[in-house]
Amino acid sequence: MFETLKPSPPDKIIELLEMFRADPRTDKLDLGVGVYKDANGKTPVMRAVKAAEKRLLDAQDSKAYVGILGDLDFVRAMGELALGSAVPADRLSGAQTPGGTGAIRQLLELVKRSSPTATVWYSDPTWPNHPAMLAHLGIPSRTYRYFDATTGGVDFASMMADLVGMKPGDVLLLHGCCHNPTGANLTLEQWREVTDFVAKAGVVPFIDLAYQGFGDGLEADAAGVRHMAAAVPEMLLAVSCSKNFGLYRDRVGAAFALSETPERAAITKANMASLSRLNFSFPPDHGAKVVAIILGDPGLKADWQAELEAMRSGMLELRKGLADELRRATNSDRFDFVGVHRGMFSRLGLGPAQVVKLREDFGIYAVGDSRINIAGLPAQGLARLAAAIASVED
């Protein structure tokens, strides 16, 4: 049967990584792959994670399956981390998933099961896996304008103008913070305006919260999400522990659905359990248990927050440093938005030919749309990077 298969288009980021590995230049620079890196170019294991893993290794006496919805202590803790006290617990259904990607997939399947004619609206641009999963599942989708390439900010007026075309029951996919790939975020006032719109239009918000703690801090990054959750009858929320706990390979995430009443929440929860059973049966335990240990222990939680804050602050310093060097290299404020963006990514606004020139002439690898990973910046090489970007701008 396999002779009927068609070649799959290559993943552009994986393809870029392979090109980087094959490049023999010693001064090459990888700004493409979206993982956090420290000053030594490594993706570290956080101190609290190491401590929790040791505790788990000593205490764990079984490798039996966890429940169909996963580690419920983990699910509860992640719900509180993301939503605080914004919604009553009895209206919230949650399930542990294999990473944030797994959470998005589960929630999209829940959309398809509950409302197969609903259209999911996502930002242009967005994380490429969003439209890819929608297409794979056969869910109707449309885009709304989001990014202003000239200013490097959110084109909020165009966004709201496009959303007027949404119908009751449609789903609005939003990035909770640290927009990927642009780094341009909604302000809290804009979150309030979008919340008013979805409440009046009967639209269901779907929040992808993959970077809580990487932008303006754990609480600030969730402020817009919490405001919206408190004001709407229904909401979907996908969270990831890949970035803020550094658990990329352990695949730790959670899917949440907010229902209008506790009775509907119970039915939603049963459907989430059914989808888990159909897709992967039981989620992996190790990473989720580690997170549950950290969030359940005041000392470990404080140490995790301190290290997360240091990571966030380091990325902000790199942002400011690059923005300053770009101002000097270009003798303009063209790239000042880099210092204003938040999270791991910024979209520089370069054309595809300029991105290729960066790679071929300078060994600087960025995604084709000119998205760069701020955490991959070399603290001692910002001037060289800025000079290269200015060169291809000419």
Glu317 and Lys320: CA distance, side-chain angles, deciding distance, salt bridge (charged side-chain N to carboxylate O under 4.0 Å, His left out) verdict: CA-CA 5 Å; Glu317 290 176 9; Lys320 184 178 184 304; over 6 Å; no

Same apolar cluster (I L V M F W Y, side chains within < 4.5 Å links), Phe214/Leu295: yes

Verdict with supporting geometry, Asp324 and Arg327, salt bridge (charged side-chain N to carboxylate O under 4.0 Å, His left out): CA-CA 5 Å; Asp324 290 346; Arg327 180 180 275 262; 5.8 Å; no

Parallel, tilted or perpendicular: ring planes of Phe245 versus Trp304, cut at 30 and 60 degrees: parallel

Crowding at CZ, Arg25 (>12 non-hydrogen neighbours, <6.0 Å): yes

Pair Lys357 + Asp361, salt bridge at N-O below 4.0 Å: yes

Leu237 reachable from Leu92 in the ILVMFWY side-chain graph, under 4.5 Å edges: yes

Ring geometry between Trp127 and His130 (parallel below 30°, tilted from 30 to 60°, perpendicular above 60°): perpendicular

Between Asn279 and Arg105: side-chain donor-acceptor atoms closer than 3.5 Å: no

Parallel, tilted or perpendicular: rings of Phe282 and Tyr65 (30°, 60°): parallel

Got a list of side-chain donor-acceptor pairs under 3.5 Å for residues 224-236, not counting sequence neighbours?
{"unit_1": "Arg226", "atom_1": "NE", "unit_2": "Ala82", "atom_2": "O", "d": "3.0"}
{"unit_1": "Arg226", "atom_1": "NH1", "unit_2": "Glu219", "atom_2": "OE1", "d": "2.6"}
{"unit_1": "Arg226", "atom_1": "NH2", "unit_2": "Leu81", "atom_2": "O", "d": "2.9"}

Flag if over 12 foreign heavy atoms under 6.0 Å of CZ, Arg334: yes

Aromatic centroids of Phe147 and His179 separated by under 6.0 Å: no

Flag if over 12 foreign heavy atoms under 6.0 Å of CZ, Arg47: yes

Same apolar cluster: Val75 and Ile68, side chain cutoff 4.5 Å: no

Note: Lys12-Glu15 ion pair, threshold 4.0 Å (strictly below): no

Tyr365 six-ring centre to Lys28 NZ/CZ under 6.0 Å and within 45° of normal: no

Any residue meeting ring pair (Phe, Tyr, Trp, His ring centres under 6.0 Å) with Tyr248, in chain and number order, not counting sequence neighbours: none

Flag if over 12 foreign heavy atoms under 6.0 Å of CG, Asn331: no

Pair Asp27 + Arg384: basic N to acidic O under 4.0 Å: yes

Arg192 bridged to Glu189 by N-O distance under 4.0 Å: yes

Exceeds 12 heavy-atom contacts within 6.0 angstrom, atom NZ of Lys269: no

Distance-only side-chain donor-acceptor flag, Thr268 / Ser93, under 3.5 Å: no

Short side-chain donor-acceptor distance under 3.5 Å, Thr182 and His341: no

Residues Arg342, Asp221: salt bridge by 4.0 Å N-O rule: no

Parallel, tilted or perpendicular, as decided by the 30° and 60° cut-offs, for the rings of Phe335 and Phe337: tilted

